[in-house]
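Beneath this line is the structure, given in structure tokens, with notes to follow.
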Amino acid sequence: MEHEKIEKKWQEIWEKERVFHAKDFDNKPKFYGLIEFPYPSGVGLHIGHIKAFSSMEVISRMKRLQGYNVLFPIGWDAFGLPTENYAIKHNIPPRVATDENIKNIKKQLKKSGFSFDWDREIDTTDENYYKWTQWIFCQLYKKGLAYKSKALVNYCPSCDVILSNEESQGGICDRCSSQVVQKEKEVWFLKIREYAERLLNGLDKLDFPERVKEEQRHWIGRSTGAEVDFGICINNKKVDKLTVYTTRCDTLFGVTFMVVAPEHPIIEKYKKSIENIEEVRAYQESAKKKSEFDRIQLNKDKTGVELKGIKGINPITNEEVPIFIADYVMLGYGTGAIMAVPAHDTRDYEFAKKFNIDIKPVIKGGDIEKEAYIDIQDGVMINSDFLDGLKVEEAKKKMLEYLEDKKIGQAKVNYQMKDWAFNRQRYWGEPFPIIYCDKCGTVLVPEEDLPVKLPAVKEFKPSKNGESPLAQVEEWVNCKCPKCGGKARRETDTMPQWAGSSWYFLRYMDPHNDKELASKDKLKYWGPVDWYNGGMEHVTRHLIYSRFWNMFLYDLGVVPFEEPYKKRSTQGLVLGEDGNKMSKSLGNVVDFTEIIDKYGADVLRLYILFMADYESAAPWSSKNINGCKRFLERVERMTSLVDKYDGVHGEHITMLNELINKVTNDINTLKFNTAISALMTFVNNIYQDKYLSKIEFSEFLQLLYPFAPHFAEEMNERLGNKTYICKSNWPVEKEDNSKKMINLPVQVNGKMKELIKVEFDISKEEVLKLIENNEKLAGFIAGGIKKVIFVPNKIINLIV
RNA sequence: GCCGAAGUGGCGGAAUGGUAGACGCACAAGACUCAAAAUCUUGCGAGAGCAAUCUCAUGAGGGUUCGAGUCCCUCCUUCGGUACCA
């Protein structure tokens, strides 16, 4: 079959018939299937995209035949670094580059035969789209959830851009792999931490894979503990308090020193009292130079400097303890200060060993000469006054009561998740709807003035002083204050990559609305997303950010559902033929457009879904794909076996029913590989029988349709069917009056001996009778049967 | 270190605690052909046997069970995530 011709033909027919069009407020049950919209980068799509999109594609194709009103949309996450870097590299304005790339990728997607509803195509860089991204920011600002503050940020010297923690994991820039350094900057933050608890608790109700939930939980990083007010004293006189965060307030009697982060404000406050301030300053400087990554790398070798001249006071024992600064304590977590209990914390232990500090055990057991002893399960308190004899959990509780009673401490929940650093010094992003006025301060752009359009510029490369290129566009930057009408300047930073993708699934439900981000009625009809498939790499950032925005919009009353995604699944990577991750440097990248040219989109999709379990990574094979090609050719030749029988042959009913059942279930559980193998088995069986009816063939083609839609449509037409498959109804199981026969395995002492063909639902007694009459099996039971395990329709096991 | 996933033929991979290796690839033999390709048929975990058949076999070692690739314990390896988070 000429795949090029028939694929083009059916793509045109589907488009003309508008079969993938999602109808608002239709009476049919709705199904909203979502895939992660692609970045329109210059290199086009990757074979991984094809796999990623194929799950919802297959499910959507089936669901439409099953009578669902399916929303399966597509769009472009076009702001952000990949596009901008491409534009800079090729010296093309980002707008032009984006449009070119979109055009190219759109062509690739259409050629691949995806059943997207193109009427709902969105583009995050379209001003009608980012108007609403800006609008959401305005609401966040109004609710006090967006703020600007000075902060140490991850800064990539090569890209000249500030990165979020998510974009600089491991201290490496996400985009260019350069080493990230720390820099102090005025940064916009979104208070995602205010939603931490809800983001965490919401997970329980969601149909996400457990590992996805675990990663999100870990990312949010909730820990329960206590803040305890230690004292600071100078010359034996208490002058201040120093609050620490601990999850182990039960060990308060074991504190032998304190540690604060190098940037902790007490150093500046008491610099006059610190005798070795020069040494301290030197340490602060060296810590600043180290990126967060370096700190981690050096985690075996603890460093620090004692703050001589000031001491900490343990509020329980009133003992004086030394205070150190050390870079193993982070300013950004807890209070930036800790109480150190070397006997029961590995880090404190290492530090104490190095600096010769006392190690005082407060939990029985272990050998503190060798290592810190940690037993939160069964540990029993010692050397701890009123806690002695209690187990750790009980001691925690009692200590906390004591602290709260004496007003020297309180229960405290902390989250590892930091507020979301929400700006970049780049051109290709959403401008902030923010104006700075000398008189009025920070002023929001009024809603009627949205969108704040991104001006066309000549110089879109990042400038070397770390400022956004927008800062150089005087006529854009200088504006009137919306409040007082006086001279004012616009915010020149832009929003990060994740902004536009944090709410795009909402826009799909009402993409052309110019009054609101989406009408509530349409959100109510389509939302929430029934099934969202995407990559494991977006589980912690994109998924959490978008859940946060959705929750916020829910609180505002704009969105009628709190959680945006009912169900989430993840595809495994397509690895290179050598088993490694595909990469240009390894030269193992497979160009899927070449595969389409050679084999067609149907064979490509069939093979991608057949090669392994959908959710696990699997290597590409240019040999194995032949099997899928041959399979379709075999199906094509099956035409010659079609007889004149009007109906389903009695002998084929069971087989066909099983196929319908299997394919339907497998598609619903992403087991595409076994669905396809069942289709193959069916064909093999038909070849054995050498006949099938037209109806059998037609239903087979319907089942094949989600995986090889063009081919199935073409074959269906050749069979003489007047109705397109895309407009047909998904096959259902037929009444089966035939006596169902099964092969029942017979085990003797747990070992398989024989298969006997029996009627379905046969009784134990009848089976035993058959066994007695079976020449071979009778021999085994000649010595008498001790015990019989009979599992109806499954197995019989004879213990002799 | 911690969290998660996984280890099954020559290869990709199937198996609600119940026939291990479905389906496909590769390979071999046969049919068709002048020949090749394509196609069709058959075989294809290892060992023993003319054979029927038997024994062994799902990373290693234990255990639970009538029965374990699947559940439990200990360990090894690989991959992914994460990390001085107090």
Side-chain angles (χ1 to χ4, degrees), chain A residues 169-170 209-215 217-219 221-223 225 244-248 251 259 261 292-293 295-303 326-330 332-341 345-348 350-351 414-418 536-537 539-540 572-573 575 577 579 581 606-607 610-613 615-628 630-631 633-634 637 671 673-684 687-688 743-756 776 786-791 793-800:
Chain A
Q169 287 178 20
E210 205 45 46
R211 60 182 176 142
V212 170
K213 289 189 186 182
E214 274 307 306
E215 260 188 50
R217 287 190 189 111
H218 191 239
W219 189 258
R222 184 182 199 271
S223 89
V244 300
Y245 176 69
T246 179
T247 55
R248 295 297 307 276
T251 60
V259 186
E292 215 169 304
F293 184 63
R295 288 193 184 188
I296 294 157
Q297 284 304 86
L298 293 169
N299 68 6
K300 280 170 205 117
D301 193 21
K302 294 274 180 295
T303 60
D327 60 11
Y328 82 91
V329 172
M330 307 292 158
Y333 186 77
T335 61
I338 63 159
M339 57 176 229
V341 186
D345 180 284
T346 23
R347 294 151 305 179
D348 298 346
E350 282 168 28
F351 195 85
N414 259 317
Y415 300 94
Q416 273 170 243
M417 183 170 67
K418 293 172 185 159
M536 213 49 208
E537 69 277 16
V539 158
T540 45
L573 289 175
L575 302 172
E577 195 133 20
K581 212 167 162 172
L606 208 51
Y607 177 59
F610 177 65
M611 60 190 199
D613 182 275
E615 293 177 276
S616 50
W620 179 263
S621 162
S622 50
K623 269 185 197 161
N624 289 13
I625 192 173
N626 277 311
C628 292
R630 275 182 216 154
F631 166 60
E633 287 165 352
R634 254 165 95 79
R637 284 193 300 272
K671 300 288 176 202
N673 53 337
T674 48
I676 294 166
S677 89
L679 291 163
M680 288 171 166
T681 304
F682 179 87
V683 172
N684 291 344
Y687 268 81
Q688 292 296 321
N743 287 322
L744 189 79
V746 180
Q747 290 185 340
V748 176
N749 290 339
K751 296 214 165 185
M752 232 296 279
K753 290 297 172 191
E754 182 88 325
L755 281 177
I756 53 174
K776 188 183 156 194
K786 266 198 205 155
K787 194 178 168 186
V788 179
I789 293 104
F790 178 70
V791 185
N793 301 319
K794 279 283 178 206
I795 202 157
I796 185 161
N797 189 6
L798 310 168
I799 312 303
V800 297

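Chain identifiers are assigned alphabetically (A, B, ...) following the order of the sequence lines, protein sequences preceding nucleic acid strands; residue numbering begins at 1 within each chain.
Rounded to a whole angstrom, the distance from the C1' atom of B/rC79 to that of B/rC27 is 30 Å. B/rG69 sits 16 Å from B/rA15 when the P atoms are compared, rounded to a whole Å. The same atom, P, is picked in B/rG30 and in B/rU19; the two are 36 Å apart, to the nearest Å. Using C1' as the reference atom, B/rG67 and B/rA20 are 14 Å apart when rounded to the nearest Å. B/rU77 sits 30 Å from B/rC85 when the C1' atoms are compared, rounded to a whole Å.
The distance from atom CD of A/Q688 to atom P of B/rU42 is 5 Å, rounded to the nearest whole Å. When rounded to the nearest whole Å, the span between CE of A/M611 and P of B/rA14 equals 12 Å. Distance, A/N743 CG to B/rA22 P: 16 Å, rounded to whole Å. Note: OH (A/Y328) to P (B/rG1) measures 21 Å, nearest angstrom. Put simply, CZ on A/R217 is 19 Å from C1' on B/rC85, counting in whole angstrom units. The NZ atom of A/K794 sits 16 Å away from the C1' atom of B/rA68 (whole-angstrom rounding). Atom CD1 of A/I676 and atom C1' of B/rG13 are 13 Å apart (whole Å). In this structure, OH of A/Y245 is placed 16 Å from C1' of B/rC84, rounded to the nearest angstrom.
Distances from the side chain of A/M752 to the nucleotides B/rU19, B/rU82, B/rG81 place B/rU19 closest. Taking only side-chain atoms of A/D327, from C-beta outward, the nucleotide of B/rC84, B/rG12, B/rC66 with the closest atom is B/rC84. Comparing B/rA26, B/rA14, B/rG24 by their nearest atom to the side chain of A/M680 picks out B/rG24. Considering only side-chain atoms of A/K753, the nucleotide from B/rU41, B/rU55, B/rC23 that sits closest is B/rU55. Distances from the side chain of A/P619 to the nucleotides B/rC66, B/rG13, B/rU41 place B/rG13 closest. Nearest nucleotide to the side chain of A/R347, out of B/rC56, B/rU39, B/rC85: B/rC85. Checked against B/rG4, B/rU82, B/rG24, the side chain of A/R211 finds its nearest nucleotide in B/rG4. For A/Y687, the listed nucleotide lying nearest its side chain is B/rC40; candidates were B/rC40, B/rG18, B/rU82. For A/I795, taking side-chain heavy atoms from C-beta onward, the closest of the listed nucleotides B/rC84, B/rU19, B/rU41 is B/rU19.
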TODO: Using a 3.5 Å limit on both pairing distances, list the dot-bracket string of RNA chain B from the 5' end; Watson-Crick and G-U wobble pairs count, crossing pairs take [ ], interstrand pairs take |.
DONE: (((((((..(((.....[....))).(((((.......))))).((((....))))..(((((..]....))))))))))))....
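A/N626 places a side-chain N or O within donor-acceptor distance of the main-chain N or O of A/K623, the cut-off being under 3.5 Å.
Across all strands, A/F610 comes closer than 4.0 Å to base atoms (heavy-atom distances). The residue A/I799 sits close only to the backbone: its heavy atoms come under 4.0 Å of sugar-phosphate atoms, none of a base. Contact annotation for A/K786: no contact, since no heavy-atom pair falls under 4.0 Å across all strands. Residue-level contact check: A/N684 touches the backbone only, with heavy atoms under 4.0 Å from sugar-phosphate atoms and none from bases.
Between the side chains of A/N414 and A/R222, no donor N or O sits under 3.5 Å from an acceptor N or O. Under 3.5 Å, the side chains of A/S622 and A/Y607 contain no donor-acceptor pair of N or O atoms. In summary, the side chains of A/Y245 and A/S223 do present a donor paired with an acceptor at a separation below 3.5 Å, with no hydrogens or angles considered.
With hydrogens and angles ignored, no donor-acceptor pair under 3.5 angstrom links the side chain of A/K623 to the base of B/rC11. In this model, a side-chain donor or acceptor of A/Q747 finds a partner on the base of B/rG18 within 3.5 Å. Counting atom types as modelled, A/N797 pairs a side-chain N or O with a base atom of B/rC66 as donor and acceptor under 3.5 Å.
Put simply, A/R634 has a side-chain N or O that comes within less than 4.0 Å of OP1 or OP2 on B/rC40.
A salt bridge is defined here as a Lys NZ or Arg NE, NH1 or NH2 lying under 4.0 Å from an Asp or Glu carboxylate O, and A/E214 with A/R217 meets this definition.
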